[in-house]
Amino acid sequence: MSYDHQKIEAKWQERWAEAGTFEVEADPDRPKFYNLCMYPYPSGSLHQGHVRNYTFGDLLTRYNTMRGFNVLSPMGWDSFGLPAENAAISTRAHPRENTEAQINQMRDQIKRLGAMYDWRRELASHHPDYYRWDQWLFLQLFDQGLAYKAEAPVNWCPNDQTVLANEQVIDGHCERCGAEVIRRNLSQWFFRITDYAERLLDDIDKLDHWPDRVRTMQRNWIGRSEGARFTMQVADMDASFDVFTTRPDTIFGMTFAVVSPEHPVVETLVQGTDVEDEVRVYQQKAARISEVERLAEGDKTGVFTGRYAINPANQQRVPIYVADYVLMGYGTGAIMAVPGQDQRDWDFASKYGIDIIRTVEPPAGFEGEAYVGDGPAINSEFLDGLEMEAAKSRIIDWLEEQRVGRRETQYRLRDWLISRQRYWGCPIPIVSCPDCGYVPVPEDQLPVMLPDIQDYAPKGRSPLAALPEFVETICPACGGPAQRETDTMDTFVDSSWYFLRFTDARNDDRIFDPKDASYWMPVDQYIGGVEHAVLHLLYARFITKVLHDMGLAAVEEPFARLFTQGMITLGGAKMSKSKGNVVGPLELLASHGADALRLYHLFMGPPTDDTVWDQNGIDGTARFLDRVWRLVAGDVGEPTDREEDDADREILAEAHRAVRKVTEDIDRFAFNTAVPALMTFTNALTDYVRAGARRETFDRAVELLLLTLSPMAPHITHELWEMTGHSTLLASEPWPEWDPDLVEREVVTLVVQVNGKVRDRFEVDASIEAEEAERLALDSERIRQWIGEGEVQRVVSRPPRLVNIVVG
RNA sequence: GCCGGAGUGUUGGAAUUGGUAGACAAGGUGGACUCAAAAUCCAUUGCCCUCCAGGGCGUGCGGGUUCGAGUCCCGCCUCCGGCACCA
């Protein structure tokens, strides 16, 4: 008979809520553990990725609680954002109603997993209680010059009708909807994350409990290059432009210069000349083609401006070209071109018949392409003979002495574009006054409430702009007529500080109390998907540093340990609602129960790996739980009060080994091997009962099984704990210790190899000496046959595990 | 192209420090129980040779180090992820 999971799961979910075991307060006398799963977007229904996430999270919540930590485990909702708005457009219901209904539904489903949270701290980004602090935060950044509005070429998604941050453009396509992104010049709000580029990059070194993969991705994204910037004078006219290079040592090999089509100096260079028309046509063409096409590596095109620039190192005149392989968004938008040492410049020079001068001696026989490696400088006057690094330092010093250039570090990272032309987001608390400019909404007028509207459809500007009663206001500075900002904030702003709000979620007076934050922060364990490696995880680091600098957050890094779970795939694609390949957890909760589902997620493979969903697997973990149930309930056999014997000592040793294995495996996130340890132990315990169990031993073995299984399968273990006469709440019991003497094996298998192949095995005393082991091995009839006529040349002993006999 | 990571039975995977490859499951096969089925239990299940006993082969490919290599080194192949006309 299998157990009634429906009944006991509901029962214990209620009991845990009543007990309040997971409702916690800051307590400086107790060690804390802040355990956090990335708060979900309320899509309405859990998918397997959520289940996996919350199963890992809840395991750690329960485990660390049992280990005596004061564990903070909160839950909330990333509830602003496009999907709610798009749903509203099609259903005509208000996004708030939709969102809140979905939150309620998801909260219920999370509770049905048996995952425990301090629900008193629940938050949702779309609540004015929350987003007023988004706005407050925005104003702090504005005051510090870290939030600014500027016109710039930005990414525009024609489908979602809004701008996007660089991080939200994947291979030239919108991260959300996949539409091809185009460039538009628009005036937008930015956060000056580039001011923090260096710290964000350097501090990655401190994140030694983050996956290397994520650290590498962030390093790549921030992308530091060190080099020099110097000024090039245009010959025969009063104009100049700056270039940035990482290879200043190759300056004597410069045979042309290139400016990006968008570069402002182009106008000055060609105005009124006979190439003006040709250059303008080229500029227009470059502007028209999409980012995708432009980035596609291929034939390099460009136009000669008819002008020359002066190489400051040797006063040579070099032709200036306009070419779109130079990007306005990086460095200075202009380069010195050194075809001898750069393949792109080589390609361009070859096509347009420009001179190529090598300034680094390539290895013998190297020809036909640019040489980018190290070597002695040649054709470079005072640099000749120096290796690359030495030559770089020398030329930068020289440029500085000549006052034409300096050492400079460039970052690939761009400022974070945070305004969105959409409705369902946090209003930006700025008033635009014809006299005073951009004026912050005074703090006591926060929050700027998101008004209700009738028409959510995107029209290329924020739907709020169609609401005169929202837009028309008075300037807080001068009292004159003014207009509100109508864009809303990127939802990644909401999620960049929510973990701090959880430490003091009900505070109506401040964003959070620094005392609470300093007790709970940093998040000791953060769990979520790797897809946020350069989005949320970078923004959250940035905002935490800003709050640190303001004296609000004691920590500089928000997440001490990061765990990125693998994706669940089905039929070769990520399991997601949009792909229509979801196997819903709800049916499985009904058919197999939360414990079996949780156990399966733990069991099916390494938590960091992507996994293919296999519906059959869950039968295995459900069967295991049935076996545990029958064993503890006495269906296998009833123990008696007989005398203690070897079998009792052995099964207790097995129990302690299981405790050790589960503890060590949880500590190294090897949940997929912790579960089998308990399966193996349960099988051993079953055999022990069949052979005739002793009451006292059996009861202790079952206690250890239930204690260690409880963070993985909490409901069934709680029920059995109660059924076996315990009046305490299992979740509040201390995590068991193992006895180091008991776990050591007295008898082990000694493997005997001949020439490295296993030929015999013996059960031997674990304390066996090398001599004894060798004697045993050489006395074996089987081994003697394998040695045969051969001569024993060497015997390698690793007692008590192995003896290897080398025969010639 | 550069930077990460991975390749093990039919499948998911295990092997934590160089020491019994395939734990634990899933699936398959055979059996017990049953009028029958489900559930449960038992046996078996890497490939090849063999009546058995036993033997040979085997962790993507090719080399190497070692008494001994899934694990370390060198050179490849394939797949996954990131970055990429970033000067």
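Numbered from 1 within each chain, the chains take letters A, B, ... in sequence-line order.
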task: Please identify each residue that fulfils side-chain contact (heavy atoms from CB on, under 4.5 Å) with A/Arg224, with sequence neighbours left out.
output: A/Glu198, A/Leu201, A/Asp202, A/Glu226, A/Thr409, A/Tyr411
message: When the C1' atoms of B/C83 and B/C76 are compared, how many Å lie between them, rounded to an integer?
response: 24 Å
- line: Taken to the nearest whole Å, CD1/A/Ile204 to P/B/G4 is 15 Å
- request: For B/A25, take OP1 and OP2 only and decide whether either is under 4.0 Å from a side-chain N or O of A/Asn683.
  value: yes
message: Angle between ring planes, A/Tyr352 versus A/Tyr321, binned at 30° and 60°: parallel, tilted or perpendicular?
response: tilted
- prompt: Does A/Ala684 have any side-chain contact (heavy atoms from CB on, under 4.5 Å) partners at least two apart in sequence or in another chain, and if so, which?
  reply: A/Ile651
query: Looking at B/G56, B/A87, B/U20, which one has an atom nearest to any side-chain atom of A/Thr749?
result: B/U20
- prompt: When the nearest nucleotide of RNA chain B is assigned to A/Arg761 and to A/Thr621 on a heavy-atom basis, which residue is associated with the more 5' position?
  reply: A/Arg761
- request: Can you figure out which of B/U20, B/C42, B/C3 approaches the side chain of A/Val758 most closely?
  value: B/U20
message: Could you tell me how far B/U20 sits from B/U11 if I compare only their P atoms? Round to whole Å.
response: 24 Å
message: Base, sugar-phosphate or nothing for A/Val806? Non-hydrogen atoms, less than 4.0 Å.
response: sugar-phosphate
task: Check every atom of B/A87, B/C41, B/C67 against the side chain of A/Leu327 and return the nucleotide holding the closest atom.
output: B/A87
- prompt: What one-letter contact string describes nucleotides 11-16 of chain B from 5' to 3', where B marks a base within less than 4.0 Å of any protein heavy atom, S marks contact via sugar-phosphate atoms alone, and - marks no contact?
  reply: -BSSSB
query: Does B/G46 fall in syn (glycosidic angle within 90° of 0) or anti?
result: anti
- request: Have a look at A/Trp786 and say if it touches a base, only the backbone sugar-phosphate, or nothing, with a 4.0 Å heavy-atom cut-off.
  value: sugar-phosphate
Pair A/Arg657 + A/Glu744: basic N to acidic O under 4.0 Å: no
- prompt: How close or far is atom C1' of B/A25 from atom NE2 of A/His601, stated in whole angstroms?
  reply: 16 Å
message: Under 4.0 Å, counting only non-hydrogen atoms across every strand here, what does A/Gly223 touch: a base, just sugar-phosphate, or nothing?
response: nothing
statement: Taking a pair to mean Watson-Crick or G-U wobble geometry with both distances below 3.5 Å, B/C57 pairs with B/G46
- request: Pick base, sugar-phosphate or nothing for A/Arg627, based on heavy-atom distances below 4.0 Å to the nucleic acid.
  value: sugar-phosphate
query: Taking only residues two or more places apart in sequence or in another chain, which ones pass salt bridge (charged side-chain N to carboxylate O under 4.0 Å, His left out) with A/Arg623?
result: none
message: As a test of reading the structure: which of B/C83, B/C24, B/A87 is closest to the side chain of A/Trp221, going by heavy atoms?
response: B/C83
- prompt: Which part of the nucleic acid, if any, lies within reach of A/Arg759 when heavy atoms closer than 4.0 Å are counted: base, sugar-phosphate only, or nothing?
  reply: sugar-phosphate
- prompt: Is any side-chain N or O of A/Asn804 under 3.5 Å from a base N or O of B/C67, one able to act as donor and the other as acceptor?
  reply: yes
Separation of the P atoms in B/G1 and B/G56, to the nearest angstrom: 44 Å
statement: note: A/Arg623, atom CZ; B/C24, atom C1'; distance rounded to Å ~ 14 Å
- request: Provide the distance between the two P atoms, one in B/C73 and one in B/G18, to the nearest whole Å.
  value: 11 Å
task: Counting Watson-Crick and G-U wobble pairs only, both distances under 3.5 Å, name the nucleotide matched with B/C2, or none.
output: B/G82
message: Nearest whole Å is fine: how far is B/G4 C1' from A/Met217 CE?
response: 10 Å
- line: Separation of B/G81 atom P from A/Gln565 atom CD, nearest Å, is 17 Å
Under-3.5 Å donor-acceptor pair between A/Arg798 side chain and B/G19 base: yes
- request: Answer yes or no: does a side-chain N or O of A/Arg213 lie under 4.0 Å from OP1 or OP2 of B/G81?
  value: no
task: May I ask you to decide whether A/Asp249 forms a salt bridge with A/Lys392, counting only side-chain N to carboxylate O separations under 4.0 Å?
output: no
message: By the 4.0 Å heavy-atom rule, please label A/Arg414 as base, sugar-phosphate, or nothing.
response: nothing
- request: Using a heavy-atom cut-off of under 4.0 Å over every strand shown, decide if A/Gln410 touches base, sugar-phosphate, or nothing.
  value: nothing
query: Does A/Trp786 have A/Arg759 sitting over its ring (NZ/CZ under 6.0 Å from centre, angle to axis within 45°)?
result: yes
query: Looking at A/Asp415 and A/Ile193, what are the two nearest heavy atoms and their distance?
result: OD1-N, 3.2 Å
query: What interatomic distance, in whole Å, is found between C1' of B/U50 and the corresponding atom of B/C57?
result: 15 Å
field: Whole angstrom value for the distance that separates P of B/G19 from CG of A/Leu802
entry: 10 Å
query: Who passes side-chain contact (heavy atoms from CB on, under 4.5 Å) against A/Ala309, sequence neighbours left out?
result: A/Met232, A/Phe241, A/Val318, A/Ile320
statement: 5'-most contact on RNA chain B (nearest-nucleotide basis), A/Arg782 vs A/Phe244, goes to A/Arg782
Enumerate donor-acceptor pairs with a distance under 3.5 Å from any side-chain N or O in residues 788-808 of chain A to protein atoms, sequence neighbours excluded.
| residue | atom | partner | partner atom | Å |
| --- | --- | --- | --- | --- |
| A/Ser797 | OG | A/Glu774 | OE2 | 2.5 |
| A/Asn804 | OD1 | A/Gly756 | N | 3.0 |

- request: May I have the distance from A/Asp635 (atom CG) to B/C41 (atom P), rounded to whole angstrom?
  value: 11 Å
field: Short side-chain N/O contact to B/C57 OP1/OP2 from A/Lys757, under 4.0 Å
entry: yes
message: Roughly how many Å apart are B/A53 and B/A6, using the P atom of each and rounding to a whole number?
response: 40 Å
statement: Between CG of A/Leu537 and P of B/G81 the distance, given in whole Å, is 19 Å
message: For B/A38, give the paired nucleotide (Watson-Crick: N1-N3 plus N6-O4 or O6-N4; G-U: N1-O2 and O6-N3; both under 3.5 Å), or none.
response: none
